Amino acid sequence: MKARKMTVLLIASIILLLLNGCWIDPTGPAAGVASNEAVYVLNSYSSTISVIDVEEDSVYNDVALTGKWSNHLSLYEGKLYCVNSGSNNISIYNTADMKMEAPIDLGAGNNPMEMVIRDDIAYVTNLISAKVIKIDLATKTVIDSIDAGVGATAIALREDNIYVTNSGYDPVAYSYDPGTVSVIDINTEETFATIPVALNPQDIAVDALGYIHVLCSGDYYSKFAKVLKIDAQSNTVIDSLCLADGNSSGVIYIDKLSGVAYCGAWNKPSLSYDTNTMDVLNNEFSFEGASGFVTDDDGNIWISYVNLNSVYKYDEAGTILDSAKVGMGPQSLAYIKK
Amino acid sequence: MSHLKRICLLILFSFLFVQAAELKGLIINSETSKALSSANIYFTNSQIGTVSDKYGEFSLKIPTIAQDTLCVSMMGYQKYCQLIKFPVDKDFLIKLSPAVLKGDDVIVFATRIPGSARQSSISLDIINQDELVLFSATDIAGILRGLRSLQIRDYGGAAAMKTLSLRGATAGQTLIILDGQRLNNPQNGEVDLSLIPLDHIERIEVLRGGTSALYGADALGGVISIKTKEAAEDKIEFSFEGALASFSTTLFKGDLQLSTNGLQLFSSYEHLSSQGDFSYTNIWGEQLIRDNNDIVRSHFYSKLSYTPKNYKVSFSLDALKSERGAPGPIEPYYHYARMEDKRQNYSLDIETYSPDKKHKFRSQSFLFYSSNHYINEDERDVLVPINDKYLTYSWGEELQVLSTFRPELILNYGVNLRVDQFKHQRLNMTFKRISYDAFIIDESYFDFNSKIIKSLKISPSLRFNGNTDFSNKLTPKIGLLLGLFDNKTFAITANAGLSYRSPTFNDLYWPEDSFSRGNPDLRPESGRDWDMGLRLKLDRLKLDIVYFDQHMSDLILWQDHDGLWWPENVSKARIRGLENSLSWDIIPEHLELYAQYTFMDARNLSQQYYNKYLVYRPLHSTHIQLNGKINALGLSFRTHMESKRYTLADNAEIHALVPYIKHDFSGNYCLKTAYSDILFKAEIRNIFDVSYTLLKDYPLPGREYIISVKFNFKQKIQERK
């Protein structure tokens with residue numbers, strides 16, 4: 001009886017030990033990467049950054065953590081800056097090794113959205129506080145805040161002016177006030193013009209000739225997206241392009257070299273148009289769900305798809321050259337070539 | 001012979017025949033001499049049987065054969081058998097010896113047909129009163145940790161919400177019942193375990209595997225059945241306990257038990273208060289304090305039972321109120337959000353027997369009310385003030401019959417009607433669902449006289465589930481238990497069945513806003529599962545191994561449609577694994593070891609994340625417990641380990657929760673006096689202050705200390721002879 005008991009115990013122990021020995025976890029966290037030519041992908045749903053090494057044709061997923069509800073990437077002097085709306089901060093990464101530095105805290109209740117950088121100074125729009133926060137990147141300190149409009153969202157820099165889209169969204173009433181663009185002199189920090197635009201301006205870009213293109217997304221069910229072209233000298237709308245019925249594009253990107261603009265929508269294929277003539281070049285440039293664009297030095301267009309968890313590479317004609325699986329909900333893209 | 005003589009002989013013969021037509025007797029407890037009611041008495045060959053009445057008396061028709069074996073069986077007592085030759089000329093006094101119920105011999109009720117755990121094909125665990133007393137937990141989550149295939153999702157601290165996952169199923173796919181009534185909230189399908197205190201709980205039974213055939217909706221992963229206390233017979237007993245713990249936590253509970261002349265009263269009250277603040281480190285490396293994590297919780301329970309002849313009537317009231325902080329995740333942190341929960345549950349149970357005692361009837365009526373109030377109006381936290389109150393009302397009736405045709409053939413069947421009503425107070429929207437079910441559960445037991453196969457138990461069950469919100473469901477299940485060699489040593493188990501989970505009111509009717517809406521066209525989530533196990537028992541050693549495999553389809557997932565989120569039946573999953581447990585009574589009454597290891601491979605089979613691991617399901621989990629007892633001193637050492645857990649559907653390594661090992665230690669000392677017991681307890685949880693989390697962005701407190709003292713007074717009122 002004793003021998004039988006010991007046999008059972010031995011067998012049980014062996015089974016448990018063997019199974020416990022299978023305590024081998026799958027591959028550990030991704031290591032940091034240093035790339036000479038890379039596309040950085042902000043995976044908003046998974047709050048991570050992926051790196052597509054263009055030179056090595058490799059993808060390194062989830063190499064760094066971002067804050068909550070990360071929104072926008074900016075590259076400046078070898079550092080990658082990520083705007084985190086939920087964390088109310090800017091996280092910073094050294095592109096040499098993708099190691100994270102101490103973040104820049106913007107304070108609770110701001111909801112930062114996007115940023116532009118000039119001469120070590122960053123300008124960050126804030127949706128809830130309706131301000132543009134000015135940051136000294138050298139000291140990582142907030143040095144000032146400038147009043148913008150309700151629902152300050154996107155931002156573009158042209159010469160000494162920043163252009164801020166004010167969506168006018170009222171979260172209590174679920175409605176939109178008329179959309180505007182604030183024009184702010186970065187030297188005086190004064191808003192010297194407020195340009196009325198169409199409903200819900202969500203994004204903004206500057207073309208090679210200095211015109212401002214504002215993408216107004218509409219209300220998503222009865223009024224749809226249009227692009228308004230603004231003359232920066234007169235601060236007036238001089239042209240417009242209505243996107244297709246049902247198109248609620250929320251992202252605009254301009255390739256200054258080619259003069260082509262791209263608009264991405266959740267529910268429609270991407271659309272490209274000529275920034276000079278405002279003529280549509282291709283209304284089905286890519287799949288629907290395009291959420292981020294960037295061009296590389298070879299003139300290729302990289303597009304992120306938030307619902308596909310992928311980034312695709314296209315030539316100017318819209319032919320797919322390559323694709324990569326990245327993290328969850330890729331949106332903002334940034335490109336570097338050292 | 002004269003006519004008169006013949007007539008006298010006939011009369012005498014008839015008289016004798018009438019005298020010998022019934023066998024009468026009395027069943028008593030061999031130790032206390034107390035009469036035992038509801039004992040099963042039967043002849044094994046002629047299959048004539050009855051049940052003892054309230055006074056322990058029985059009357060059984062005598063078979064026409066020359067002799068038969070009379071057997072008496074009753075839960076909690078050793079079986080008694082005696083060969084009887086007919087005719088008989090005396091009444092029988094049968095003394096049953098109480099069985100020392102431990103482990104597999106403990107009676108389980110959650111299977112709907114009461115029987116020993118060893119006799120159930122279902123993989124189950126039972127936590128009884130002796131074990132409950134030894135834990136210093138503030139809620140049921142603290143008791144359930146460490147069981148096979150069971151993970152607790154702890155949002156951090158005494159005040160925080162806690163849910164569970166059983167066999168990889170979500171909280172909404174695991175049914176939790178209290179005395180037969182479901183606690184799963186129809187609004188979100190889940191149960192917050194932090195709102196189930198322990199003052200009124202007698203035992204907890206955990207049934208693993210799809211169990212919709214027994215209990216209907218939401219039992220894909222299994223059932224957690226909570227049984228409340230009842231007053232022990234013929235005594236008055238009261239106790240009170242006070243505890244102090246880390247993070248400014250105080251706990252007080254008291255109960256009163258009174259039983260006399262067929263009247264039983266059990267009442268308990270518990271009050272918990274905790275400041276809850278603890279330090280943690282965020283992703284930016286900052287050391288912060290987890291504030292707004294306090295709770296004040298009060299709970300009252302009372303059950304009054306009356307047992308006149310052949311009836312038992314019970315009325316119970318369960319009331320809870322809780323007010324606590326609701327900080328949410330560490331980002332965005334809600335320093336000012338508050339939550340208030342209230343719950344009231346009324347239940348009326350009536351039990352009776354048929355005249356031949358073969359059929360037990362039970363009627364259970366209930367009325368349930370709960371409210372959940374969430375407030376955050378501080379502009380430092382939120383842009384738009386939130387003040388939402390949700391009200392849930394449920395009422396219903398279940399009628400069931402337990403028929404014992406023979407000890408080897410028992411049926412449980414019944415019908416159930418339930419109405420759930422949910423109200424969103426701010427939007428003034430009300431939703432209602434009516435559910436109606438019919439079920440039948442069978443247990444058939446066969447003995448074999450072969451060298452290897454000794455017995456076979458087959459447990460088929462079937463339930464029709466109807467309702468007014470979605471399609472009706474038919475959920476069958478079958479269980480097999482094959483006893484080999486000498487029945488007690490070796491057994492093979494197998495179960496297979498279909499289960500489902502109802503779409504919740506949130507899923508179906510979430511009010512439309514700019515970002516989301518409900519989907520009234522949702523179908524229930526479906527599951528089909530099977531398991532097969534091996535039970536080995538050798539003297540003081542017990543080994544239990546079960547392989548399980550569950551396929552889930554039509555899983556409800558909230559999806560983004562052009563910026564508007566609404567739920568759809570789009571996902572699939574497969575969860576399979578191996579549950580192992582080892583119990584070793586090293587030195588009986590002094591030293592015992594319990595070890596469990598679960599391997600669980602839970603995979604997402606949806607198109608987008610095909611074959612990725614489901615989130616928060618560890619591949620490996622282990623729990624080892626060593627209990628020692630020397631006279632009045634008891635010691636317990638526990639180790640719990642979980643492997644890496646992914647937190648995102650794409651299994652991003654960077655967000656995975658690291659594996660952890662945590663150790664707890666507790667000790668207790670019981671001082672017995674003439675009229676009272678005093679139990680001193682001390683516990684240290686997470687002895688080495690290991691930093692770990694169970695949910696992303698929800699930190700947990702580190703090392704915790706708890707000390708408590710419990711005074712228990714009891715006095716016998718009378719003793720029946």
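All of these numbers come straight from a predicted model, not from anything done at the bench. Note that these values count all heavy atoms, side chains included, but never hydrogens, waters or copies made by symmetry. Numbered from 1 within each chain, the chains take letters A, B, ... in sequence-line order.
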Under 4.5 Å from any heavy atom of chain B - which part of [X]:
X	answer
A:Ala64	backbone
A:Ser87	both
A:Thr66	backbone
A:Asn89	side chain

Is it the case that atom [atom1] in [X] sees more than 12 heavy atoms from other parts of the structure closer than 6.0 Å?
X	atom1	answer
B:Gln287	CD	yes
A:Lys131	NZ	yes
B:Ile452	CD1	no
A:Glu284	CD	no
B:Glu379	CD	no

Supply the atom-to-atom distance [X] [atom1] to [Y] [atom2], rounded to the nearest 0.5 angstrom.
X	Y	atom1	atom2	result
A:Asn61	B:Asn651	CG	CG	12.0 Å
B:Tyr333	A:Lys68	OH	NZ	13.5 Å
A:Asn84	B:Ile283	CG	CD1	7.5 Å
A:Ser47	B:Lys696	OG	NZ	5.5 Å

Between A:Lys325 and B:Asp650, does any NZ, NE, NH1 or NH2 come within less than 4.0 Å of an OD or OE carboxylate oxygen?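 Judged by the 4.0 Å cut-off on N to carboxylate O distance, B:Asp650 and A:Lys325 do not form a salt bridge.
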Nearest non-hydrogen partners of A:Gly67 and B:Trp284, listed with the distance: CA-CZ2, 3.5 Å
May I ask you to decide if A:Asn307's main-chain N or O and B:Gln608's side chain share a donor-acceptor pair within less than 3.5 Å? yes
Would you check if B:Tyr609 and A:Asn309 make a side-chain contact, meaning some heavy-atom pair closer than 4.5 Å?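 In contact.
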When you compare the side chain of A:Asp62 with that of B:His655, does any pair of heavy atoms fall below 4.5 Å? no
Residue pairs, two or more places apart or on separate chains, that pass salt bridge (charged side-chain N to carboxylate O under 4.0 Å, His left out) and touch residues 599-615 of chain B: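 Non-adjacent pairs meeting salt bridge (charged side-chain N to carboxylate O under 4.0 Å, His left out): B:Asp601-B:Arg603.
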When the 4.5 angstrom heavy-atom criterion is applied to B:Ala656 and chain A, the contacting part is neither
B:Glu331/A:Asn88 under side chain to side chain contact (heavy atoms under 4.5 Å, CB included): CA gap, chis, key distance, verdict: CA-CA 9 Å; B:Glu331 276 185 350; A:Asn88 286 293; over 6 Å; no
Top residue by heavy-atom pair count (under 4.5 Å) with chain A, among B:Asn282, B:Asp381, B:Thr647, B:Val384?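 Answer, by heavy-atom pair count under 4.5 Å with chain A: B:Val384.
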